[in-house]
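Reading through the structure tokens given below for one structure.
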Amino acid sequence: MKIATWNVNSLNARWPRVEEFLTTRDVDVVLLQETKQRDDKFPSDALQELGYSSAHFGFNQWNGVAILSRVGLSEVVRGFGDREDEEARCIAATCDGVRVMSCYVPNGRAVDNPHYAYKLEWLETLRLRVAAHPKDVPLVVGGDFNVAPEDIDCYDPSAFVGATHVTEPERTALRAVTDEGLTDIFRHLYPDDVQYTWWDYRNGSFRRGWGLRIDLLLCSPHVTNRATAAWVDRDARKGEKPSDHAPVIVEFSL
DNA sequence: ATGTCCCAACTTTTGGGA
């Protein structure tokens, strides 16, 4: 089984690349973030024609998350349901016995911005949802976490002093999620590999190798113990109209 | 530090977000 996560930065703008990905990468489940769509604009029919059932959670031009699956999709839960002004940042479903969650963690914007506190709160809510998950059901929590877990996941930690994505509170909040029994599968399989998943559109960051590894697949032991490989699909960051994020894929034997 | 991209809108340029 192959599960991918990909922040597409607008599904509408990215449709040709998403279609290319689905027809060439042979993935069973895809977790999307930043679809930037309302549910009624989501291309579920076009996805079905490509062989994927889908579920989407989106209110407007911001955020938006989805799950695509060609191995079944049931028990869909949209969002956390924890606040009146909830944003579309989380959706869960069961695909072939694996519970998957597609997460778009708030960016945080700046350490002194209210959005940063919101980011930490959001991660704590995610931790509670993971803690409440039955331990006998395989779980993969994937998405754009907007946190580089360690310095190895940042092209230049000195350039990020005082910036979001690398601060200790963010890393601690992310670690609190994984401490509930999940494993950052890429780092687990390749402890020393330097790989990034996001490069700013500006400054020629991709060409210069200025990236961060902020898109993660957090796996429960059932999946972690059966994982055979994980990789970043850097080719998806190249070519015509790419997202600023590359997909991350995990392969495991059910 | 900021060389881009994407979206909405009292749209053909601007502002917000990343």
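Just so we're on the same page: letters track the sequence lines, and every chain starts at 1.
- Within 4.0 Å (heavy atoms only), A/N203 reaches at least one base atom of the nucleic acid.
- Minimum atom distance to the side chain of A/N9 is reached by B/dC6, of the listed B/dC6, B/dG16, B/dA18.
- Taken from OG1 in A/T197 to CG in A/L216, the straight-line distance is 7.0 Å, to the nearest 0.5 Å.
- For the pair A/N12 CG and B/dC5 P, the interatomic distance rounds to 17 Å; values are reported in whole Å.
- When each of A/P221, A/C219, A/S253, A/P138 is tested with A/R226 by the rule side-chain contact (heavy atoms from CB on, under 4.5 Å), just one qualifies, namely A/S253.
- Across the interface with DNA chain B, nearest-nucleotide mapping of A/Y201 and A/D144 shows A/Y201 to be the residue nearer the 5′ end.
- Between the P atom of B/dG17 and the CG atom of A/N146 lies a distance of 15 Å, rounded to the nearest Å.
- Atom CD of A/E168 has more than 12 heavy atoms from other residues, nucleotides or ligands within 6.0 Å.
- Within the 4.0 angstrom heavy-atom criterion, no nucleotide atom of any strand lies near A/F206.
- Using a 4.0 Å heavy-atom cutoff across all strands shown, A/R14 reaches sugar-phosphate atoms only and no base atom.
- Taking the six-membered ring for Trp and the full ring otherwise, the centers of A/F80 and A/W122 sit less than 6.0 Å from each other.
- Computed from coordinates, the A/K36 NZ to B/dG16 P distance equals 15 Å when rounded to whole Å.
- Not a single donor-acceptor contact under 3.5 angstrom links the side-chain atoms of A/R109 to the base of B/dG16.
- Atom CG of A/N7 is separated from atom P of B/dG17 by 17 Å (rounded to the nearest Å).
- When the C1' atom is compared between B/dT14 and B/dA1, the two are found 23 Å apart, to the nearest whole Å.
- What separates NE2 of A/H245 from P of B/dC6 is a distance of 13 Å, to the nearest Å.
- B/dC6 sits 15 Å from B/dT11 when the C1' atoms are compared, rounded to a whole Å.
- One can place CH2 of A/W62 at 10 Å from P of B/dG16, the figure rounded to the nearest angstrom.
- Looking at which nucleotide of DNA chain B each of A/P106 and A/P242 is closest to, the 5′-most match is held by A/P242.
- Atom pair A/N107:CG and B/dC5:P shows a separation of 19 Å (rounding to whole Å applied).
- Annotation: B/dG3 and B/dA8 have their P atoms spaced 25 Å apart (nearest Å).
- Heavy-atom minimum distance, A/T178 versus A/R175: OG1-O, 3.0 Å.
- Here the C1' atom of nucleotide B/dT2 and the CZ atom of A/R208 are 10 Å apart, to the nearest Å.
- Here, B/dC5 and B/dC10 have their P atoms 26 Å apart, quoted to the whole Å.
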